[in-house]
Protein chains: 4
Amino acid sequence: MSDSVSTGVGTDADADAADTWHDYGRSRLHPVLEGALRCFALHGYHGTTIRMIAAESSLSVAGVYHHYPSKHAILVAVMSQAMEDLWQRSTAADAAAEGPVDRFTDVITCLLEFHTQRRDDAFIALTEIRSLDAEARAAHIAKRDRQQRLVEEIVEQGVADGVFEAAHPRDACRAVVTMCTSVSHWYRPDGALSSSELAQRYCAIALAAVGCRTVTRG
Amino acid sequence: MSDSVSTGVGTDADADAADTWHDYGRSRLHPVLEGALRCFALHGYHGTTIRMIAAESSLSVAGVYHHYPSKHAILVAVMSQAMEDLWQRSTAADAAAEGPVDRFTDVITCLLEFHTQRRDDAFIALTEIRSLDAEARAAHIAKRDRQQRLVEEIVEQGVADGVFEAAHPRDACRAVVTMCTSVSHWYRPDGALSSSELAQRYCAIALAAVGCRTVTRG
Amino acid sequence: MSDSVSTGVGTDADADAADTWHDYGRSRLHPVLEGALRCFALHGYHGTTIRMIAAESSLSVAGVYHHYPSKHAILVAVMSQAMEDLWQRSTAADAAAEGPVDRFTDVITCLLEFHTQRRDDAFIALTEIRSLDAEARAAHIAKRDRQQRLVEEIVEQGVADGVFEAAHPRDACRAVVTMCTSVSHWYRPDGALSSSELAQRYCAIALAAVGCRTVTRG
Amino acid sequence: MSDSVSTGVGTDADADAADTWHDYGRSRLHPVLEGALRCFALHGYHGTTIRMIAAESSLSVAGVYHHYPSKHAILVAVMSQAMEDLWQRSTAADAAAEGPVDRFTDVITCLLEFHTQRRDDAFIALTEIRSLDAEARAAHIAKRDRQQRLVEEIVEQGVADGVFEAAHPRDACRAVVTMCTSVSHWYRPDGALSSSELAQRYCAIALAAVGCRTVTRG
DNA sequence: CATGAATGAGTGTTCATTCAT
DNA sequence: AATGAATGAACACTCATTCAT
C-alpha cells in the first residue's frame, strides 16, 4: 500500500499517521500534463489541440513532443496517474479504518475528496475512457473495477456483519460511487460547500443508501 | 403539461391515463439526428465527423447539410429535444401522483426510465454541454435547472410534511439526481437489470437518501 | 449595322432619327440576368453563387436552371448582350455623324454614356473576360476588337484628313478607350457629374488626346 | 521619402541620384505572395484556390498557412505592399523633379512604369478591392486616394502657374490616371512597346489631356 | 533541450448541378 | 413552369506529427 509509485504521484513520505490520503498539496503532474488537464477538462480530449496544450504549458509544439510522444500518450499519462493516485489514497484510507462502517466512511470520504480536490483529473478519468485506445482502455477499466470492488467488498462485509441492510448491495454501491464521481461534474471550489462539508453530507447520504442504521464513529 | 410538443418529440396523444410518460416507442428523431446521436454517444461531439453522421444516416455529406445548417445545430437539436422530452415526461409523471412520496417515486422513476430507454440522448445531454455555444448552453442549463428544481420542490415538500428526513434536502437531491443521470454511463439494455427492475431498486435507494421511512405505494 | 439582334437587346425600332443610341430605358435583360448582373458587379463571377442569383431574381435555384443551363451560360449571356448592345449603339452613333471629328465625338460619347448608363454590364464585360471559357472568350475579344477598330479607323481618318495630330494614333486610341471604359470603375449615378456632363468633359479630353485642334460641332 | 519600408518592398538603399524609382529588380515578395500574385492575376481572388497558391509557391497547403493565416491575409499582403511600393516610388519621382510639368511627367512616368513592370501587382490592386474585407478595403482606398491627390495637386499647381490649361483639372486627372492604371489590363512585356516607349507616348497624351502646351524637359 | 518550418490527411462547409415530383 | 431534396467534388482551413537545425 505504501509502495512508492513509479508514476511520480502518490504518497511520497508515508508517516505512521495513516492520514496521508487527506493531503492534497500542489499536484505533482508534469507541466505538460497540467496544461493538458486544464485543456481536456474545458474542451475534452478531441476538442483539445496539441497547440492548446503547448500554449497552456508554455512550451512550443515540438517541446511538448519532446516530453510525450503523442497526444494520446498524454491522455494515458493523465488518466493512469489519476487512477493510481486515487487507488493509493483509497487503500490508505481503507487500511486506516476498522469495521465496515468506518472503512466505508473513510473510502467514500476519500473518493469525495479526490473528486473535489482533483476535480479535473477525476472528470477526465470519468469522461474520456472512450478516447483511449483498446489497450489503455482495458487497463483503465481494470483500475476502475478494482476501485469499485473495494467499495463492494466493504459493503458486502457490512451486510454480512448486519450493520448494513442494503437489499441489493451491488446496486447500492453503484449508486453511491456514481453519485460521488458525479461530484466532478458540478463541484466548484468557490461554491457554497467546502470539500469536507460536502464529504460529511454525502457520507451520511451514502450510509443511508446502503441501509446503515448506526451513526458513524462512535 | 400535455401540450403537443413542437419539437416533434414527446407524447403526441395523451390518453386519460396519465401514464404516457412510461411509453418509449421508436424515437421520433429526424434520421440525421438519429445517426448523429449514435455517433456522439460513441465518440463524443468533437470526435464525431460530419462524414460519420452522413454514413450513419445513409445520406451524403451535402445531404446532411440540406437538413441542418451545421454540426453544432445538430447537437443543439439533439440536446434540446432530449431535454424537452424528459421535461414533458417528468411533469406528466409528477401530475399523475399525489403526495411527496408518490410524486418523488414517479419523477425519479421517470428519470431512471429515461436514462435507460433514451440512454444515448440522456448521455449526450449530460456530457456535451461544454460543446454548446454560449447561447445554446444557457438554454440547456435553464432546462436542466428546471428539472432539478422539480425534484427539489417535491423533496422540500416531503420534508415539510415530515415524510422525508433529509438533513440537507438540496444535497440529497443532487446526490439522487446525479446517481440517476449516471445510469446513462453504465446501463446496458442487455445487462442483468431490466429498466423497471433498475427503477425499483434505485427508487428504494433514492428514498433512503432523502430519509424516507415509509414504504412506497401502500 | 441595324441588323435586328438575336439576343433580344439593342434598338428594336430604328426610327429615322439616328439618336436611338442615346436612349437608355429600363434594361431589357431577362430577370435572371438582371439579378446575376447585380451579383457579378458586387462580388465578381467566382464570388457569386447560383443561390445569390436565385435570391436576387426571386426564383428558386432550380428555377434559375430552368432558364439558363449553367452559371457560365448566364455570364456569357450577360457579356455578349452587353457587347452587342454597345456595338449597335456605337455603329448608330457613327452613322449619324459625318467627318472624323463629329464621328469621334459621337462614338466616344456613346462609349461614355454606355459606361455610365449600363455601368454594371460594362464593368462585367471589362473584368470577367478571364471567367469565360475559351470559345466565349474568343467571341468576346472579337467584339471588343471590333469596337476598338471602329475608334481607330475614325482617328486614322482624322489624322489622314489633318484634323487630328496624334503622333501615335493607335496608342492614343488605347488611352482614350481605356479612360472611357474605366468610367465603369468609379462612376456613381448619384455623384457630382451627370452622364452628359461627364461625356462633355471627357470628350474634350479625348479630343486633346488625339491632337484635335478644332472645336467640336462648330 | 527615403524611409526604409517596413513591408520589405521599396528602395532599400537610396543613392543620391533620386532615380531609384526607376529600378525594378526582382520583386522582393515572399514566395507565397509571388505565387498568389500569379494566381490572382490569372483567375482572380475568388477563382484562385489555396491549392493553386501552394502549387505555385512549391509548398504544401499547410505550408502556405504556416506563413499566412488565411487566403484573405495573402490578398491583403499583396495589395498593401503593391500600394506601398507605388507610393514610395511616386513620392521619390515627385521629389526628384521641379515645376509642375516635370513633376507631372515624372509621376505619370512612374505610374506607367509601375503598371508595366509590376503589372500583376497593379492589376490586383485595381481589380480586387471588392474582395477585401471592410477594414482592409478602407486602408486600401486611403492609399489609392493619397496617390490620386498627389497627381491632382501637381496638376492644380500647373493650372495655377498657367502651364496647364485643363478646364476641369480633377476630371483630367481621373482620365489620365485611369488610362495609366488600365495599362495593367492590356500591356504585355513581349508586345510591340517597351516600358519606356509606352511611358513616353502616354506621357505626351497625358500632357495633352491636362492642356499642357509646352514641350517636356527643355 | 528546444524550435520554426513543413506536411499528408482530414476537418466542417459550400459549390454547381441534377432530378423526381 | 417550378421546386425540395439530394449529391460528388471541391472549398478554406486545421490537425497531429516530423525533422533539420
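Proteins come first, then strands; the chains are lettered A, B, ... in the order of their sequence lines, and each starts at number 1. Just so we're clear, the structure is a prediction, and the values are computed from it rather than from any experiment.
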Where does the angle between the aromatic ring planes of B:F123 and B:H185 fall among parallel (under 30°), tilted (30 to 60°) and perpendicular (over 60°)?
->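 Answer is perpendicular, since the angle exceeds 60°.
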Expressed in angstrom and rounded to an integer, what is the separation of [X] atom [atom1] from [N] atom [atom2]?
| X | N | atom1 | atom2 | value |
| --- | --- | --- | --- | --- |
| A:Y68 | F:dT18 | OH | P | 17 Å |
| C:I53 | E:dT17 | CD1 | C1' | 13 Å |
| D:L59 | E:dG4 | CG | P | 17 Å |
| C:H72 | E:dC15 | NE2 | P | 19 Å |

Could you check which nucleotide pairs with F:dC13 in any of the strands shown, counting Watson-Crick or G-U wobble with both distances under 3.5 Å?
->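 Across any shown strand, F:dC13 pairs with E:dG10.
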Just name whichever nucleotide pairs with E:dA2, Watson-Crick or G-U, keeping both distances under 3.5 Å, else none.
->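 Per the H-bond distance test, F:dT21.
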Search all heavy atoms of C:Y65 against all heavy atoms of C:S70 and return the closest pair with its distance.
->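 Shortest heavy-atom contact: CE2-CA, 4.1 Å.
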Heavy-atom closest pair, residues B:H140 and B:L132 |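 Distance-wise, the nearest heavy atoms are CB-CD1, 3.7 Å.
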Between F:dA12, E:dT13, E:dA6, which nucleotide has the shortest distance from any of its atoms to the side chain of D:I50?
->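 Among F:dA12, E:dT13, E:dA6, the one nearest the side chain of D:I50 is F:dA12.
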Which of the following nucleotides, E:dA16, E:dG12, F:dT7, is nearest to the side chain of B:A62?
->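 The nucleotide sitting nearest to the side chain is F:dT7.
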Side chain to side chain contact (heavy atoms under 4.5 Å, CB included) with C:F40: which of C:D120, C:I53, C:L33?
->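 It is C:I53, the one option of C:D120, C:I53, C:L33 that forms the side chain to side chain contact (heavy atoms under 4.5 Å, CB included) with C:F40.
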Using a 4.0 Å heavy-atom cut-off across all strands, classify A:T48 as base, sugar-phosphate, or nothing.
->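 Here A:T48 touches the backbone only, sparing every base.
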Distance check: side-chain N/O of D:H66 vs OP1/OP2 of E:dA6, anything under 4.0 Å?
->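 Result: no.
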OP1 or OP2 of E:dA2 sitting under 4.0 Å from any side-chain N/O of A:H67?
->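 Yes, such a contact exists.
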Along DNA chain F (nearest heavy atom to each residue), the more 5'-positioned of A:Y65 and B:V61 =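 With A:Y65 and B:V61 compared, the 5'-side residue is B:V61.
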Name the residue closer to the 5' end of DNA chain F, choosing between B:G63 and D:H46 according to the nucleotide with the nearest heavy atom.
->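 Whichever sits nearer the 5' end wins; that is B:G63.
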So how far is it from B:M52 CE to B:S57 OG, rounded to the nearest 0.5 Å?
->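 B:M52 atom CE to B:S57 atom OG measures 13.0 Å (nearest 0.5 Å).
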With nearest nucleotides of DNA chain E determined for D:R51 and C:K71 from heavy-atom distances, which residue corresponds to the more 5′ nucleotide?
->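 Comparing both residues, the 5'-ward one is D:R51.
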